[in-house]
Amino acid sequence: MTFDLFADDTPQGRETLGPSAVLLRGHALPQAESWLALLEQIEARSPFRHMYTPGGYRMSAAMTCCGELGWITDRRGYRYSATDPLTGQPWPPMPDAWRALAGEAAQQAGFQGFEPDACLINRYVPGAKMSLHQDKDERDHSWPVVSVSLGLPAVFQFGGLQRTDKTQRVPLFHGDVLVWGGADRLRFHGILPLAEGEHPRFGAQRINLTFRKAG
Ligand code: MD6
Ligand code: FE
């Protein structure tokens with residue numbers, strides 16, 4: 001698969017990936033560049049780190065969080081925590097502009113009143129990936145997950161409710177916003193190993209923000 005990464009004709013518009021899964025192409029583009037500074041502020045307080053799965057594998061995507069709750073994994077399991085285990089401090093606050101975009105994107109996808117309390121920030125360098133998984137550590141699965149892609153493009157695998165279900169491959173570009181919930185909320189998904197590249201603003205990395213209501 002090839003795409004022209006930095007063409008001016010970045011795809012725009014709305015793609016439907018499932019009954020309650022909507023991809024808003026380029027939806028975050030107007031704000032995306034100004035978010036680099038916000039990311040730097042978060043990173044200064046809660047640095048990116050490679051977490052370990054309960055099975056003992058080091059995750060190739062580096063992670064940090066902001067908001068009242070942050071998602072963590074270690075030998076004891078997957079869970080949400082109000083403090084960053086690295087610093088012992090609360091996670092940095094979620095920027096108002098992020099919270100607002102997540103709520104507004106959710107609304108466009110048909111979910112009213114989404115107020116995320118957790119934002120997981122994944123950073124991929126070329127070669128990093130995310131294995132197929134379900135997002136199921138949140139208390140109430142009736143809220144959607146809103147995901148924003150920044151920097152280098154990636155191939156998102158979108159499967160079914162069983163790990164072995166066939167997956168569709170969806171390219172995600174800088175500025176794309178994916179909202180999914182409802183009947184799609186527990187679908188398996190992942191990110192294929194990131195291809196080499198250099199994004200004019202974000203450099204040789206992809207950043208993914210996922211907003212959830214976890215508590
Ligand atoms: C990523 N995203 O895009 C990984 N999870 O880097 C996820 O794992 C994800 O994009 C739940 C909902 C949307 C997502
Ligand atoms: Fe996920």
Side-chain angles (χ1 to χ4, degrees), residues 15-28 32 35 39 48 50-51 53 59-67 69-73 78-80 98 101-103 105-106 108-111 114 116-161 163 165 167-195 197 199 202 204-214:
E15 296 174 25
T16 300
L17 301 184
S20 295
V22 180
L23 176 51
L24 305 169
R25 287 282 184 203
H27 191 71
W35 289 4
L39 262 176
F48 282 100
H50 294 273
M51 297 192 210
T53 67
M59 298 188 75
S60 60
M63 297 177 177
T64 187
C65 300
C66 65
L69 293 170
W71 184 85
I72 59 172
T73 172
Y78 304 124
R79 62 198 179 278
Y80 281 91
W98 293 11
L101 181 122
Q108 284 208 20
F111 298 93
F114 178 57
D117 56 14
C119 174
L120 170 64
I121 308 171
N122 295 137
R123 183 176 67 193
Y124 302 77
V125 295
K129 66 180 175 63
M130 180 83 63
S131 302
L132 278 183
H133 67 276
Q134 291 170 297
D135 283 34
K136 57 178 184 187
D137 301 318
E138 300 74 27
R139 198 186 297 274
D140 180 355
H141 293 158
S142 63
W143 291 110
V145 180
V146 175
S147 153
V148 179
S149 292
L150 301 168
L152 288 179
V155 179
F156 184 72
Q157 295 176 286
F158 204 29
L161 296 177
R163 185 179 291 279
D165 288 347
T167 58
Q168 45 175 318
R169 292 179 170 195
V170 183
L172 294 180
F173 299 98
H174 179 67
D176 287 353
V177 180
L178 179 55
V179 183
W180 45 303
D184 296 307
R185 182 63 172 71
L186 291 176
R187 285 172 68 172
F188 278 88
H189 57 281
I191 293 286
L192 294 181
L194 200 75
H199 185 274
F202 283 75
Q205 60 173 346
R206 170 176 184 262
I207 300 285
N208 174 253
L209 314 174
T210 50
F211 297 91
R212 310 115 193 279
K213 180 148 181 55

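Atoms within a ligand are numbered from 1 in the order they appear, just like the ligands themselves.
When every heavy atom of I72 is checked against every heavy atom of M51, the shortest pair comes out as CA-SD, 3.7 Å.
Ion pairing between a basic and an acidic side chain is recognised when a charged N comes within 4.0 Å of a carboxylate O; D135 and R212 show such pairing. Remark: E138 does not engage K213 in a salt bridge, criterion side-chain N to carboxylate O under 4.0 Å.
Proximity of M130 to Q157: side-chain heavy atoms (C-beta onward) are nowhere separated by under 4.5 Å. The closest side-chain heavy-atom distance from C66 to C119 is below 4.5 Å. A heavy-atom distance below 4.5 Å is not found between the side chains of F173 and L152.
A ring-ring contact (aromatic ring centres under 6.0 Å, His included) with W180 is found for one member of W143, F111, F158, F211 and no other, namely F158. Checking each of V22, D184, L178 against L17 for a side-chain contact (heavy atoms from CB on, under 4.5 Å) leaves exactly one that passes, namely L178.
Without hydrogens or angle criteria, R163 side chain to L132 main chain gives a donor-acceptor distance under 3.5 Å.
By the criterion of a separation under 2.8 Å, the protein N/O/S atoms near the Fe ion (ligand 2) amount to H133 NE2, D135 OD1, H189 NE2.
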Which protein N or O atoms sit under 3.5 Å from any N or O of ligand 1? Give each pair with its distance.
| residue | atom | partner | partner atom | Å |
| --- | --- | --- | --- | --- |
| ligand 1 | 3 (O) | R206 | NH1 | 3.4 |
| ligand 1 | 3 (O) | R206 | NH2 | 3.0 |
| ligand 1 | 3 (O) | N208 | OD1 | 3.4 |
| ligand 1 | 3 (O) | N208 | ND2 | 3.3 |
| ligand 1 | 5 (N) | D135 | OD1 | 3.4 |
| ligand 1 | 5 (N) | D135 | OD2 | 3.1 |
| ligand 1 | 5 (N) | H189 | NE2 | 2.8 |
| ligand 1 | 6 (O) | Y124 | OH | 2.5 |
| ligand 1 | 6 (O) | R206 | NH1 | 2.8 |
| ligand 1 | 6 (O) | N208 | OD1 | 3.4 |
| ligand 1 | 8 (O) | H133 | NE2 | 3.0 |
| ligand 1 | 8 (O) | H189 | NE2 | 3.1 |
| ligand 1 | 10 (O) | S147 | OG | 2.9 |

